[in-house]
S.K.: 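Right, I'll just put the structure down here and ask away after.
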Amino acid sequence: MFSKEVYQSRRKRLAEFTNGDFLLFLGNRQSAFNYESNEYAFRQDSTFLYLFGIDEPDYAAVIADGETTIYADDVTMDDIIWMGPQKSVADKASEVGITKTKPRRALINDVATALSQNRAVHFVPPYRGETIIELSELTGIPNGKVKESASRKLIDAMIALRSQKETCEIEEIERHMAYGYNMHVTAMKMAVEGKTEQEIHAAIDYQSMLGGGQVAFPTICSVSGQTLHNHTYNGILKRGQLLLVDAGSDSPLHYATDNTRTTPVGGKFTQKQKDIYQIVLNANNAVIEKSAPGIKYLDMHLLAARTIAEGLIGVGIMKGSAEDIVARGAHAMFFPHGIGHMMGLDVHDMESYNELYVGYDDEVKKSKEFGLSSLRLGRRLKPGFVVTDEPGIYFIPELMDKWEAEGKFKDIINYDKLKQYRDFGGIRLEDDLLITENGCRILGQRIPITIDEVENIQN
Ligand code: GLY
Ligand code: MN
């Protein structure tokens with residue numbers, strides 16, 4: 001964990017946003033995989049990790065009137081027999097600068113007392129069933145109403161704190177980018193005819209685990225890259241295909257990395273692949289060149305979209321002007337997702353708080369238009385933001401057929417030419433950026449990305 005001063009300072013800043021309000025935080029519990037004692041790998045709740053640093057199940061905390069209390073139970077002899085010796089709750093709390101601890105069962109009385117004094121009990125939106133049930137039991141709010149009863153004041157305060165990363169957080173992410181790098185370079189080297197997606201997936205996740213944790217999200221490793229979040233691994237690589245790998249590692253302190261690379265099977269691109277690849281790379285580079293404090297990430301999305309439209313005009317798939325294509329939304333046939341999202345303790349950082357609050361504000365509202373509606377971050381950038389830059393071009397046969405049958409954008413899309421791309425797959429190129437005082441920089445060593453760099457990997 002970070003030093004106790006890091007957590008103390010976060011709680012102090014949170015208290016400044018929330019006065020002396022009663023703030024309730026439930027850490028995660030173990031989650032059963034298929035029966036109670038066979039569990040998923042434990043993942044602490046990110047809000048809890050951010051404020052209290054304790055990476056253990058069954059902890060809760062209250063911050064009220066400038067004081068923090070940890071609610072948890074010391075392990076029993078039975079626990080020690082099965083799990084080994086554990087530090088006491090008091091010792092764990094003291095490591096993060098907290099001196100007041102109570103047994104977990106005291107939480108129900110303390111919340112009831114706050115409610116009886118007509119105090120509001122503030123909590124962030126729960127995303128697990130067991131947390132919803134416990135919040136309901138503690139507060140009396142019906143299960144179905146718990147999520148919508150989360151505190152906007154606390155959510156806004158947490159977003160303000162977590163959006164601008166501290167130096168220790170940036171160092172933790174950057175240190176761990178080396179494992180993300182190895183995940184991708186391993187996959188790029190393995191992208192040869194006859195290998196299976198499953199073998200490569202296993203090798204990628206192994207590289208991540210060498211860093212001390214799990215993966216940050218289920219690895220995408222597919223020759224069907226046109227399916228944006230393809231989590232199947234049934235394919236056998238064939239020459240002429242593109243292997244798309246979107247993968248990230250979970251650092252020891254649970255910060256994510258998130259990169260995507262696309263590699264030709266056998267290591268050499270065809271000319272047709274090179275043409276599309278270079279367009280995606282141009283879009284990625286354009287975003288890096290222009291991202292800076294004060295710039296709306298929505299405008300970076302539109303910049304990437306125009307770069308993609310221009311490139312597709314160049315290869316004869318689209319017609320007209322890039323401005324007009326993007327204004328009418330026709331590019332979304334090929335780029336149906338957003339340019340990126342915040343990254344931190346969650347790969348889509350703070351998404352549990354509601355992406356509208358994280359990525360949008362009074363100035364920048366979320367669009368309902370196809371493609372743009374998948375943009376998770378639209379608001380102006382600030383120094384310390386960590387964001388992903390992940391443009392892509394995809395040829396989705398089902399979408400191509402639907403739009404053609406509907407006669408959609410007939411004046412823009414050259415449907416005859418497009419038939420040559422039915423089996424192309426997809427290309428996405430994703431880097432993680434730190435917004436600096438004057439611009440931005442890529443976090444970690446850049447994973448090979450130019451056509452030459454990618455083609456040299458298997459030499
Ligand atoms: N890398 C997965 C995602 O951004 O959704
Ligand atoms: Mn991403």
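Both ligands and their constituent atoms are indexed starting at 1 by order of listing.
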S.K.: Would you please say whether a donor-acceptor pair under 3.5 Å links the side chains of Asn282 and Gln278?
M.R.: yes
S.K.: So, using side-chain contact (heavy atoms from CB on, under 4.5 Å) as the criterion, who are the partners of Ala283 when residues are at least two apart?
M.R.: Ala304, Thr307, Ile308, Pro391
S.K.: Could you tell me if Lys272 sits above the aromatic ring of Tyr421, with its cationic atom closer than 6.0 Å to the ring centre and no more than 45 degrees from the axis?
M.R.: yes
S.K.: Does ligand 1 have an atom under 4.0 Å from some heavy atom of His337?
M.R.: no
S.K.: Specify the protein heavy atom at minimum distance from atom 3 (C) of ligand 1: its residue, its atom name, and the distance to 0.1 Å.
M.R.: His348 NE2, 3.1 Å
S.K.: Anything protein N, O or S sitting under 2.8 Å from the Mn ion (ligand 2): count it and give me the total.
M.R.: 4
S.K.: Would you say the side-chain atoms of Thr47 and Tyr353 include a donor-acceptor pair closer than 3.5 Å?
M.R.: yes
S.K.: Just jot down the ligand 1 atoms closer than 4.0 angstrom to any heavy atom of Glu390, in number order.
M.R.: 4 (O)
S.K.: For atom 2 (C) of ligand 1, grab the closest protein heavy atom and report residue, atom and distance to one decimal in Å.
M.R.: Asp246 OD2, 3.5 Å
S.K.: Check the side chains of Glu369 and Ser367 for a donor-acceptor pair under 3.5 angstrom, ignoring hydrogens and angles.
M.R.: no
S.K.: Side chains of His341 and Glu390: donor-acceptor distance under 3.5 Å anywhere?
M.R.: yes
S.K.: Under the salt bridge (charged side-chain N to carboxylate O under 4.0 Å, His left out) criterion, do Glu16 and Arg13 qualify, and how do the steps go?
M.R.: CA-CA 5 Å; Glu16 283 160 15; Arg13 284 184 292 141; over 6 Å; no
S.K.: Under 3.5 Å, N or O to N or O, is Arg376 touching ligand 1 that way?
M.R.: no
S.K.: Would you call the rings of Trp403 and Phe409 parallel, tilted or perpendicular, where under 30° means parallel and over 60° means perpendicular?
M.R.: tilted
